[in-house]
Every structure is written in C-alpha cells, then in structure tokens.
**Student:** 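The following block contains the structure, expressed as structure tokens.
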Amino acid sequence: MAEEVQNFKVTIDGITVEVAPGTTILNAARQIGGDIVPPAMCYYSKLEGTGGKCRTCLVKVSKGSEKDPRPMPKLVASCRTTVMDGMEVLNITSPEVVDARKAVVEMLLINHPLDCPVCDQAGECKLQDLSYEHGADKTRYEFERRTFERIDIGEKIQLHMNRCILCYRCVYVANQLTNKREHGVLFRGDHAEISTYIHEALDHDFIGNVIDVCPVGALTDKTFRFKNRVWFTKPVNAHRDCPKCSGKVTLWYKGPDVIRVTGRKDEHNEVEDFICDTCRFETKRTDDWNLEEPTKISDQSVISSNHYLRFDPPSVIKDNPVLKEANVEQLARSEKLK
C-alpha cells in the first residue's frame with residue numbers, strides 16, 4: 001500500500017492553504033487566487049525549466065517553517081522557491097516587496113519602449129499591467145536605449161527585439177516542442193538578444209507557439225499584425241480534427257471574418273494545449289471549425305468591453321422605421337446638392 005503524502009501548510013498574506021511537497025510559492029498562491037498571486041513574466045508552467053529570469057514574482061518569507069522559523073534574509077523568487085511546512089510569506093502586504101517590484105519594473109522598462117498605442121500586444125500585455133500598477137512616472141536612466149531592426153525569424157513570425165525582456169520562453173518552446181533549435185540568446189550582458197543567424201529559419205510545425213508564450217509584443221503574428229485592436233474582436237472557442245495537435249483553439253472574429261487563431265489560454269494567461277501552425281495560420285474560415293462557445297474573458301480585461309456571452313448578441317441600435325425614413329429623405333436632399 002502506497003504511503004500517504006503529507007501536505008504542507010503555507011500562509012500567504014494571512015491566507016493558509018495546503019499544498020503538496022515540492023510546490024512553489026507561486027503555484028501555492030495561484031491555488032488561493034486573487035490579488036495575492038505574484039505576477040510572473042518568465043515562468044510558464046507548461047514549459048520545463050522556466051522561471052527565475054524576470055524577478056517580478058519576488059516575495060518575502062517571514063517564517064521559513066515550523067522546524068526552522070527564521071525568516072529568509074532576502075526576497076526570493078516565488079516561482080523558484082518551494083514551500084516548507086508552516087512557511088509564512090508576505091506579498092502585497094509587504095512594503096519591501098512592493099518597492100522591490102517597482103524597481104524590477106523600472107529595470108524592465110529601461111529598454112522596453114511603452115509604445116502600447118502601436119503594439120499588437122496591447123490589451124493582452126502583462127508588462128502593460130505591471131507598468132500601470134508598479135511603474136514610475138519617469139525613468140532615471142540617462143543613457144541611449146538599445147534599438148534593433150525588426151526581423152522575420154519565421155515565414156509568419158516577426159521579432160521586434162526593442163520590446164523583448166529576455167524571458168527565454170520562446171527559447172524553451174523551440175527546445176521542447178520542436179526537433180531542432182535554430183534560435184536562442186546571442187551575446188551576453190546588455191548586448192544579449194533573442195535572434196537567429198538565418199532569417200526565416202524557424203519553420204517547424206509548432207514554432208508558432210512562440211507568439212502565444214511571449215508576454216510582450218516582441219514576437220507577433222504577421223498575418224494579424226496591424227489588422228485590428230484585440231478589444232474590437234470577439235474570441236470564440238472552437239475545435240477541429242487535426243492530425244498534428246489537439247485542434248482546440250480560440251478564434252478571434254472581426255465581424256464574420258476570423259482574423260486570428262491562438263491557443264486557448266487559462267486564467268494565468270498560459271495556453272492549455274500547444275497548437276500546430278496549420279491550425280494557427282492556414283485555417284481561418286469558419287467552416288474549417290466546429291464552434292463551441294464564446295471564450296470566457298475576465299471582467300478586468302479590456303477585451304471584455306466589447307465581448308458577449310452568446311452567439312446572437314442583440315443589435316446595438318434598435319430598428320427604428322421613423323428614423324430610417326428620415327435618413328432616406330435626408331440622403332435624397334443631399335444628392336440634389338452634389
């Protein structure tokens with residue numbers, strides 16, 4: 001008979017939860033949910049080895065465990081630190097953590113331009129949220145920012161390194177979902193960049209997933225680029241019989257047209273299943289898919305402002321025969337003046 005595993009009790013911002021041994025503080029907080037969940041720009045639960053790069057998930061361990069109650073001397077990355085029985089953690093209730101997170105955001109924004117009005121990631125960008133919540137109104141950085149030319153690292157994938165925060169997610173995707181790796185981190189220090197020595201070299205069937213995992217607007221879908229703002233589109237869950245992947249996706253509609261296809265994402269903005277490039281780029285007609293239901297969108301998301309919960313939303317303007325007749329008369333008078 002298998003020995004029963006004893007769960008650990010951990011308290012985060014005064015809320016206690018029981019988790020399995022080996023669980024990180026971040027995932028323990030995610031089990032509680034709400035505002036006490038630390039932000040994470042580099043950690044991705046679907047990819048092995050991620051985390052520990054961006055430092056936005058820093059927390060304070062005020063009590064190590066029941067056996068050793070001493071606090072940890074420094075703030076720790078919650079995505080890399082596993083819980084101990086009786087551990088107590090401070091996140092948003094610690095001024096030290098809030099100040100550290102503000103400093104991390106300032107560091108991330110040293111080279112990342114806040115060009116949200118012209119960025120396709122606007123409305124879905126976690127760095128945009130962090131900048132609003134923890135960013136300063138000005139930077140202390142006095143030197144020239146790094147600038148790069150846009151390059152095509154795949155037939156339908158464009159890389160804009162100006163926006164990259166070196167989270168390494170796309171590198172892990174190439175390593176773990178494909179049979180070959182043709183891009184990665186070149187150079188070191190402040191010269192480090194994500195790139196490939198040969199343009200348009202990324203041609204694997206699953207390489208389009210680098211777009212879904214990118215937390216900022218560094219990697220974008222060229223077939224969707226500048227076509228529309230995400231809050232003017234309507235996401236719908238759909239599926240198809242695909243021999244390469246699960247075929248479960250989110251279709252983004254503008255009127256009757258499918259203008260983008262992405263993997264379905266959970267509450268932590270992580271894809272539930274990675275999808276192939278055929279589903280992502282080649283099947284953008286409604287009759288290619290079996291529609292399920294409108295995608296559930298958080299009320300805090302800007303996408304929810306134009307969202308609906310059923311496929312036949314009511315008309316924005318009610319049918320008004322009197323107004324229609326008046327418009328026809330006005331048009332007739334205008335035609336005479338031409």
Side-chain angles (χ1 to χ4, degrees), residues 39-44 50-56 100-175 181-203 207-230 260 262 269 302:
M41 299 293 294
C42 64
Y43 175 76
Y44 211 82
T50 56
K53 311 280 191 310
C54 70
R55 319 307 286 182
T56 58
R101 196 160 289 156
K102 183 176 180 180
V104 170
V105 172
E106 184 180 12
M107 180 69 180
L108 291 176
L109 295 178
I110 281 179
N111 286 305
H112 183 98
L114 287 176
D115 55 356
C116 307
V118 296
C119 179
D120 274 328
Q121 193 79 2
E124 299 175 297
C125 180
K126 291 302 176 184
L127 185 56
Q128 191 177 26
D129 297 337
L130 278 175
S131 302
Y132 178 78
E133 295 168 3
H134 303 284
D137 57 355
K138 60 182 179 180
T139 180
R140 293 175 290 176
Y141 193 69
E142 299 177 352
F143 305 97
E144 187 176 351
R145 292 173 179 243
R146 299 191 314 168
T147 55
F148 300 87
E149 295 294 330
R150 298 180 182 89
I151 62 172
D152 295 333
I153 63 173
E155 182 184 357
K156 297 181 176 67
I157 306 170
Q158 186 168 100
L159 171 64
H160 195 182
M161 261 302 300
N162 287 0
R163 300 170 181 162
C164 180
I165 61 171
L166 293 174
C167 71
Y168 290 65
R169 284 182 180 180
C170 62
V171 178
Y172 286 110
V173 165
N175 278 348
R181 171 182 164 186
E182 294 176 335
H183 87 299
V185 182
L186 306 182
F187 315 117
R188 291 295 179 265
D190 61 349
H191 294 286
E193 61 175 286
I194 302 288
S195 187
T196 174
Y197 281 113
I198 304 174
H199 289 189
E200 298 190 11
L202 306 187
D203 58 356
I207 201 62
N209 290 288
V210 299
I211 299 170
D212 279 346
V213 303
C214 182
V216 292
L219 289 163
T220 50
D221 180 355
K222 290 172 61 180
T223 66
F224 174 69
R225 211 172 150 77
F226 300 132
K227 279 195 173 181
N228 220 292
R229 281 315 204 178
V230 69
R260 183 171 70 146
T262 65
N269 204 38
V302 68

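Being a predicted model, the structure only gives us computed values, none of them experimental. By convention here, the first residue in the shown sequence is residue 1. As a basis for the values below, the full set of heavy atoms in this structure was taken, side chains included, without hydrogen atoms, waters or symmetry mates.
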**Student:** Is atom NZ of Lys53 surrounded by more than 12 heavy atoms (other residues, nucleotides or ligands) closer than 6.0 Å?
**Tutor:**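 Yes, NZ of Lys53 has more than 12 neighbouring heavy atoms, counting only those of other groups under 6.0 Å.
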**Student:** So do the side chains of Met161 and Arg146 get within less than 4.5 Å of each other, counting heavy atoms only?
**Tutor:**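 Of all side-chain heavy-atom pairs linking Arg146 with Met161, at least one is under 4.5 Å.
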**Student:** Taking all non-hydrogen atoms of both residues into account, name the closest pair between Cys42 and Gly51 and its distance.
**Tutor:**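 Reported closest heavy-atom pair: SG-CA, 3.7 Å.
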**Student:** Looking at every non-hydrogen atom in both residues, tell me the closest pair between Ile211 and Leu219 and how far apart they are.
**Tutor:**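 Heavy atoms only, the tightest pair is CG2-O, 3.9 Å.
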**Student:** Would you say the side chain of Cys167 lies within less than 4.5 Å of the side chain of Met41, judging by non-hydrogen atoms?
**Tutor:**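 Of all side-chain heavy-atom pairs linking Cys167 with Met41, none is under 4.5 Å.
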**Student:** Would you mind reporting whether Pro215 and Ile165 have side-chain heavy atoms less than 4.5 Å apart?
**Tutor:**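 SC-SC contact between Ile165 and Pro215 confirmed.
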**Student:** Taking all heavy atoms of Pro117 and all of Leu114, pick out the closest pair and write down the distance.
**Tutor:**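 Heavy-atom minimum between the residues: CD-O, 4.3 Å.
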**Student:** Considering non-hydrogen atoms only, spot the tightest contact between Ile157 and Val210 and give its length.
**Tutor:**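 Ile157 and Val210 have their closest heavy atoms at CD1-CG2, 4.0 Å.
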**Student:** Are any side-chain N or O atoms of Asn162 and backbone N or O atoms of Phe148, one a donor and one an acceptor, separated by less than 3.5 Å?
**Tutor:**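 Such a contact is found between Asn162 side chain and Phe148 backbone.
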**Student:** Just so I know, are the side chains of His160 and Thr220 near enough to count as touching, which here means a heavy-atom distance under 4.5 Å?
**Tutor:**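 The answer is no, as the side chains (C-beta and beyond) never meet within the 4.5 Å cut-off.
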**Student:** Compare every heavy atom of Gly123 with every heavy atom of Val230, then report the nearest pair and how far apart it is.
**Tutor:**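 Shortest heavy-atom separation between Val230 and Gly123 comes out as CG1-CA, 4.1 Å.
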**Student:** Hey, is Asp152 close enough to Lys222 for a salt bridge, meaning N to O under 4.0 Å?
**Tutor:**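 A salt bridge is present here (some side-chain N lies under 4.0 Å from a carboxylate O).
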**Student:** One pair to check against side chain to side chain contact (heavy atoms under 4.5 Å, CB included): Thr56 and Leu108. What are the steps and the verdict?
**Tutor:** CA-CA 9 Å; Thr56 58; Leu108 291 176; 3.8 Å; yes
**Student:** Can you tell me if OH on Tyr132 sees more than 12 non-hydrogen neighbours from other groups inside 6.0 Å?
**Tutor:**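 No.
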**Student:** Here's one to test your reading of the geometry: is the NZ or CZ of Arg169 within 45 degrees of the ring axis of Tyr44 and under 6.0 Å from its centre?
**Tutor:**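 Verdict for Tyr44: no cation-pi partner in Arg169.
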**Student:** Give the ring-plane orientation class for Phe143 versus Tyr141, where under 30° counts as parallel, over 60° as perpendicular and anything between as tilted.
**Tutor:**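 Ring orientation, 0 to 90° scale: perpendicular.
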**Student:** Below 4.5 Å, heavy atoms only, C-beta onward: do Leu109 and Ser131 meet side chain to side chain?
**Tutor:**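 Sidechains of Ser131 and Leu109: in contact.
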**Student:** Within the structure provided, determine whether Asn269 and Lys126 are in side-chain contact (heavy-atom separation under 4.5 Å).
**Tutor:**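 In contact.
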**Student:** Write down the atom of Cys119, the atom of Arg163, and the distance for their closest heavy-atom approach.
**Tutor:**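 Smallest interatomic distance, heavy atoms only, reads SG-NH1, 3.6 Å.
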**Student:** What do the steps show when you test Gln121 against Gln128 for side chain to side chain contact (heavy atoms under 4.5 Å, CB included), and what is the final call?
**Tutor:** CA-CA 9 Å; Gln121 193 79 2; Gln128 191 177 26; over 6 Å; no
**Student:** State whether Arg260 and Glu124 are salt-bridged, where the test is any N-O pair (Lys NZ or Arg NE/NH1/NH2 against Asp/Glu carboxylate O) under 4.0 Å.
**Tutor:**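 Yes, this pair counts.
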**Student:** CD/Gln158 to OG1/Thr223 distance, rounded to the nearest 0.5 angstrom?
**Tutor:**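 So the gap between those two atoms works out to 12.0 Å.
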**Student:** For the atom pair NZ (Lys102) and NE2 (His134), what is the distance rounded to the nearest 0.5 Å?
**Tutor:**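 NE2 of His134 is found 10.5 Å from NZ of Lys102.
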**Student:** Would you say that His112 contacts Leu127 through its side chain, given a criterion of any heavy-atom pair below 4.5 Å between the two side chains?
**Tutor:**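 His112 vs Leu127: side chains touch.
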